[in-house]
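For reference, the structure discussed in these notes is given below.
Protein chains get the first letters and strands the later ones, always in sequence-line order, with residue 1 at the start of each.
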Amino acid sequence: RKEVEQDPGPFNVPEGATVAFNCTYSNSASQSFFWYRQDCRKEPKLLMSVYSSGNEDGRFTAQLNRASQYISLLIRDSKLSDSATYLCVDTNTGNQFYFGTGTSLTVIP
Amino acid sequence: GAVVSQHPSWVICKSGTSVKIECRSLDFQATTMFWYRQFPKQSLMLMATSNEGSKATYEQGVEKDKFLINHASLTLSTLTVTSAHPEDSSFYICSARQGASNQPQHFGDGTRLSIL
């Protein structure tokens, strides 16, 4: 089983919509999680860390559900510029980053 | 803050050439640097992890003699693809992390390598 699994999508949503992605992880002892955003042919950029208590940054909200072993990313009031691939990351208990395969989002005018 | 610079951003060269890619953390000291490879429409695949002054730890299936990694300082790591062949063509991305393993990695802008 993969350490991290994501629905690859694509998610095609109209501008202004709310969209949510989930990402499941396999190691119940995993401690740290992140969401990254990757634009086509570019490097991943850190979007936000995922804390146990959840965290919010503007239109973006990340949550961690340890009981069901998943993290989520909610985007409210989608903008055209939000179109990208969203990667979830589990650092597991060690030194590594385990990336999901990414969820593709396209926001349509 | 947390800027990572990668150079060159694009390389096209003939089969058999060795190519060196540099990764620099510009405004912080990187305890650990990572090298990834990404093929089209696929996720990032970790190739190796390096700590300053130590030998790199390579992932299973990555040839250490093929992909030479040097991490000589807290701000610079280099990846040399030796005797590159067309199948080595890919997007190579480095990342750098300051501090503990629960800290985020910050990525360079990647090197697109094309071997003819």
Side-chain angles (χ1 to χ4, degrees), chain A residues 2-10 21 23-25 27 29-53 55 57 60 62 64 66 71 73 84-106, chain B residues 1-7 9-10 21 23-25 28 30-51 54 56-60 62 71 89-114:
Chain A
K2 291 183 181 177
E3 283 82 9
V4 180
E5 299 209 45
Q6 282 183 262
D7 179 352
F21 313 130
C23 174
T24 58
Y25 61 94
N27 187 346
S30 290
Q31 295 294 317
S32 296
F33 306 89
F34 303 94
W35 281 103
Y36 280 76
R37 167 199 171 123
Q38 186 175 25
D39 292 286
C40 187
R41 300 169 78 85
K42 298 282 190 180
E43 79 281 15
K45 291 189 189 296
L46 178 65
L47 185 63
M48 57 200 312
S49 303
V50 185
Y51 304 126
S52 296
S53 55
N55 54 315
D57 182 4
F60 299 84
L64 167 62
R66 287 202 182 274
I71 64 172
L73 178 68
T85 296
Y86 291 84
L87 302 166
C88 68
V89 173
D90 170 14
T91 62
N92 209 294
T93 56
N95 205 25
Q96 269 203 31
F97 260 27
Y98 292 97
F99 281 92
T101 50
T103 298
S104 174
L105 171 67
T106 301
Chain B
V3 177
V4 177
S5 170
Q6 194 172 334
H7 177 80
S9 53
W10 200 297
I21 304 170
C23 180
R24 293 180 186 272
S25 56
F28 67 101
T31 321
T32 309
M33 285 185 165
F34 305 83
W35 288 95
Y36 295 83
R37 182 166 53 182
Q38 187 176 33
F39 292 104
K41 298 188 186 295
Q42 294 187 23
S43 188
L44 286 85
M45 297 296 295
L46 179 66
M47 298 175 69
T49 302
S50 74
N51 292 295
S54 303
T57 302
Y58 288 81
E59 294 301 299
Q60 194 172 9
V62 179
H71 191 165
S89 299
S90 188
F91 189 46
Y92 291 85
I93 316 176
C94 72
S95 71
R97 184 183 71 207
Q98 182 180 32
S101 58
N102 63 352
Q103 296 301 303
Q105 293 179 21
H106 301 282
F107 287 82
D109 37 16
T111 297
R112 200 159 297 282
L113 176 62
S114 295

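- The aromatic rings of B:Phe107 and B:Tyr36 are tilted relative to each other, their planes meeting at an angle between 30° and 60°.
- With a 4.5 Å cut-off on non-hydrogen atoms, A:Gln6 does not touch chain B at all.
- Looking only at distances, no side-chain donor or acceptor of A:Thr85 sits under 3.5 Å from a matching main-chain atom of A:Ser104.
- Taken from CG in A:Asp90 to CZ in A:Phe34, the straight-line distance is 10.0 Å, to the nearest 0.5 Å.
- By number of non-hydrogen pairs under 4.5 angstrom with chain A, the leading residue of B:Ser9, B:Pro104, B:Gly108, B:Gly110 is B:Pro104.
- Of the listed residues A:Thr101, A:Val89, A:Leu87, the one with more heavy-atom pairs under 4.5 angstrom with chain B than any other is A:Thr101.
- Ring geometry for A:Tyr36 versus A:Phe97: interplanar angle over 60°, hence perpendicular rather than tilted (30 to 60°).
- The cationic atom of B:Arg37 (NZ for Lys, CZ for Arg) does not lie both less than 6.0 Å from the six-membered ring centre of B:Tyr92 and within 45° of the ring axis.
- Contact of B:Gln6 with chain A is not made at all, since no heavy-atom distance falls under 4.5 Å.
- Annotation: maximal heavy-atom pairing with chain A below 4.5 Å, among B:His106, B:Gln42, B:Gln103, occurs at B:Gln103.
- For the set B:Thr57, B:Asp109, B:Ile93, the count of heavy-atom pairs under 4.5 angstrom toward chain A peaks at B:Asp109.
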